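Since we're looking at a predicted model, the values are computed, not measured. We use all heavy atoms of the structure for the numbers below, so side chains are in, but hydrogens, waters and symmetry mates are not. Chain letters run A, B, ... following the sequence lines, proteins first, then strands; residues in each count from 1.
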There are 2 protein chains.
Amino acid sequence: MAIPRAARTQRRTRIQEEKEEIILEAALDVFSVSGFRGSTIDQIAEVAGMSKPNLLYYFRTKEAMHRALIDRVLFTWLEPLRAFDANGNPESEIRSYIRRKLEMARDFPRESRLFANEMLQGAPHVEDELRGPLKALVDEKVEVIRAWAKAGKIAQCDPYHLIFSIWSTTQHYADFDVQVRAVLGDEHSGEGRFEDAARYLEQLFVDGLRIRQG
Amino acid sequence: MAIPRAARTQRRTRIQEEKEEIILEAALDVFSVSGFRGSTIDQIAEVAGMSKPNLLYYFRTKEAMHRALIDRVLFTWLEPLRAFDANGNPESEIRSYIRRKLEMARDFPRESRLFANEMLQGAPHVEDELRGPLKALVDEKVEVIRAWAKAGKIAQCDPYHLIFSIWSTTQHYADFDVQVRAVLGDEHSGEGRFEDAARYLEQLFVDGLRIRQG
DNA sequence: TGTAATGTTTACCAATCGGTCAAATTATCC
DNA sequence: GGATAATTTGACCGATTGGTAAACATTACA
């Protein structure tokens with residue numbers, strides 16, 4: 001008889017690793033478009049190319065799949081902010097932060113949309129993580145930015161809103177991709193639009209913060 | 001026998017006007033949080049305080065409710081951009097555009113989230129409107145901004161991405177409200193945060209575009 | 001006040017939902 | 001190769017889904 005996955009303590013099988021990966025990949029496809037409530041296990045099973053009971057053998061509930069995805073995304077999503085370096089100079093740090101966030105929007109749009117979906121629904125599954133680890137990390141970087149402002153390296157500004165504005169402008173290209181494409185028209189919707197966006201955003205933030213090379 | 005609403009040609013009744021308003025209000029509550037697929041007619045009926053068949057007497061399908069909402073939101077949502085005046089001076093026009101968009105995020109967050117949900121799902125119900133009327137309006141305003149840049153009133157920049165960045169930064173405060181509150185902490189999450197955001201964003205864009213009074 | 005149109009409700013439908021179960025199949029390891 | 005554990009499947013469950021039919025209640029208007 002099969003032992004329910006959650007009760008197992010043994011090392012994971014090769015098949016387990018592979019199948020769980022396939023399932024999470026399919027779940028990301030579905031959840032990122034339809035949100036948690038709007039997605040069905042059947043949809044995910046079909047995308048994953050396996051039967052529903054088989055899928056439920058690896059993740060016992062829909063919540064379990066969603067939680068596994070969210071945990072993974074939350075971690076990697078904050079990678080660029082973690083890399084934000086207090087010892088670097090303001091201009092290059094902000095430039096590369098924008099770059100990295102924009103690259104993530106381009107390379108991992110589903111992850112961005114999964115997160116956006118969760119926010120729109122009021123973060124029912126991750127509010128604790130937002131108030132805990134996320135806030136802690138942001139608070140830390142806010143202090144860095146404040147120090148830069150105090151030293152006259154950048155203009156006086158609210159560091160929280162600065163971070164919000166970088167998040168929103170970059171993630172916009174993943175979350176509102178369909179709108180961006182529609183407005184730009186098919187001719188300007190190629191991959192070049194990310195380069196255009198990077199150029200514009202770097203100019204906006206560097207000049208907007210009146211950054212002086214330090 | 002009751003005549004299906006869609007087949008009626010007569011003027012709308014007082015009861016119709018009232019009930020349809022109540023239903024759309026409830027539908028906005030539900031759709032804006034859960035998206036189209038994740039929302040149920042039963043939820044909407046409960047929020048509206050009427051029975052499901054009664055609700056379906058006024059809107060024959062879930063799609064009909066959603067479409068009615070989207071149509072209404074799409075129109076009012078573009079009001080600030082329509083007000084964007086080519087004859088005004090760049091600084092005050094951009095300042096007041098940011099203000100207006102921020103006020104809408106504050107006063108109509110459900111409408112913003114409804115739209116965001118639709119975008120995340122790939123705009124299955126409104127892609128035509130995006131490629132048609134929306135693109136047309138944006139193209140028109142883009143020309144205004146281009147003229148400003150040509151006249152040296154603002155820095156050279158891609159007007160499309162400028163508009164995207166104003167959209168994203170302002171709507172962020174509605175769509176990601178829960179994250180903003182979590183990061184700012186309960187002490188800074190009052191209504192004052194909109195004033196802080198307005199101050200920061202105006203500074204960012206005015207300096208970022210190196211606007212010179214015209 | 002009568003009556004026809006409008007509005008509301010109860011009971012119901014087939015389809016889909018998340019999830020279970022036991023049986024059948026496959027992989028692993030001695 | 002055989003025993004044992006891991007994996008997969010089809011059949012199924014009760015609850016919920018979007019939506020309907022028809023009886024019933026209310027309103028508007030002559």
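In terms of phosphate contacts, A/Gln16 brings no side-chain nitrogen or oxygen within less than 4.0 Å of OP1 or OP2 of D/dA6.
A straight line from CD of A/Gln43 to P of C/dC17 spans 7 Å, rounded to a whole angstrom. Atom-to-atom, CG of B/Leu56 to C1' of C/dT9 comes out at 13 Å; the value is rounded to the nearest Å. Distance, B/Lys62 NZ to D/dG18 P: 5 Å, rounded to whole Å. In this structure, A/Arg60 atom CZ and C/dG19 atom P are separated by 11 Å, rounded to whole Å. If you measure from atom NZ of A/Lys19 to atom C1' of C/dT25, you get 12 Å, rounded to the nearest angstrom. Atoms CZ (B/Phe59) and C1' (C/dG7) sit 15 Å apart, rounded to a whole Å. Counting to the nearest Å, the C1' atom of C/dT16 and the CZ atom of B/Arg37 are 10 Å from each other. Between A/Asp42 atom CG and C/dC17 atom P the separation is 5 Å, expressed in whole Å.
Using a 4.0 Å heavy-atom distance criterion, A/Ile41 is classed as a sugar-phosphate-only contact.
In summary, B/Arg193 and B/Asp177 engage in a salt bridge, as defined by a charged side-chain N under 4.0 Å from a carboxylate O.
Heavy atoms from other residues, nucleotides or ligands lying under 6.0 Å from CZ of A/Phe84 number more than 12.
At distances below 3.5 Å, at least one donor-acceptor pair connects side-chain atoms of B/Arg67 with backbone N or O atoms of B/His125.
Take A/Tyr160 and apply the ring-ring contact (aromatic ring centres under 6.0 Å, His included) test, not counting sequence neighbours, and it matches no residue.
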Side-chain polar contacts of residues 47-55 of chain A - donor-acceptor pairs under 3.5 angstrom, sequence neighbours left out - could you list them?
residue	atom	partner	partner atom	Å
A/Ser51	OG	A/Asn54	N	3.4

Report task. Could you encode protein contacts along nucleotides 9-14 of chain D as a string, one character per nucleotide from 5' to 3', using B for base contact, S for sugar-phosphate-only contact and - for no contact, with a heavy-atom cut-off of under 4.0 Å? Result -> BBB---

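Screening B/Phe31, B/Phe115, B/Phe59 against B/His66 for a ring pair (Phe, Tyr, Trp, His ring centres under 6.0 Å) leaves a single residue, B/Phe31.
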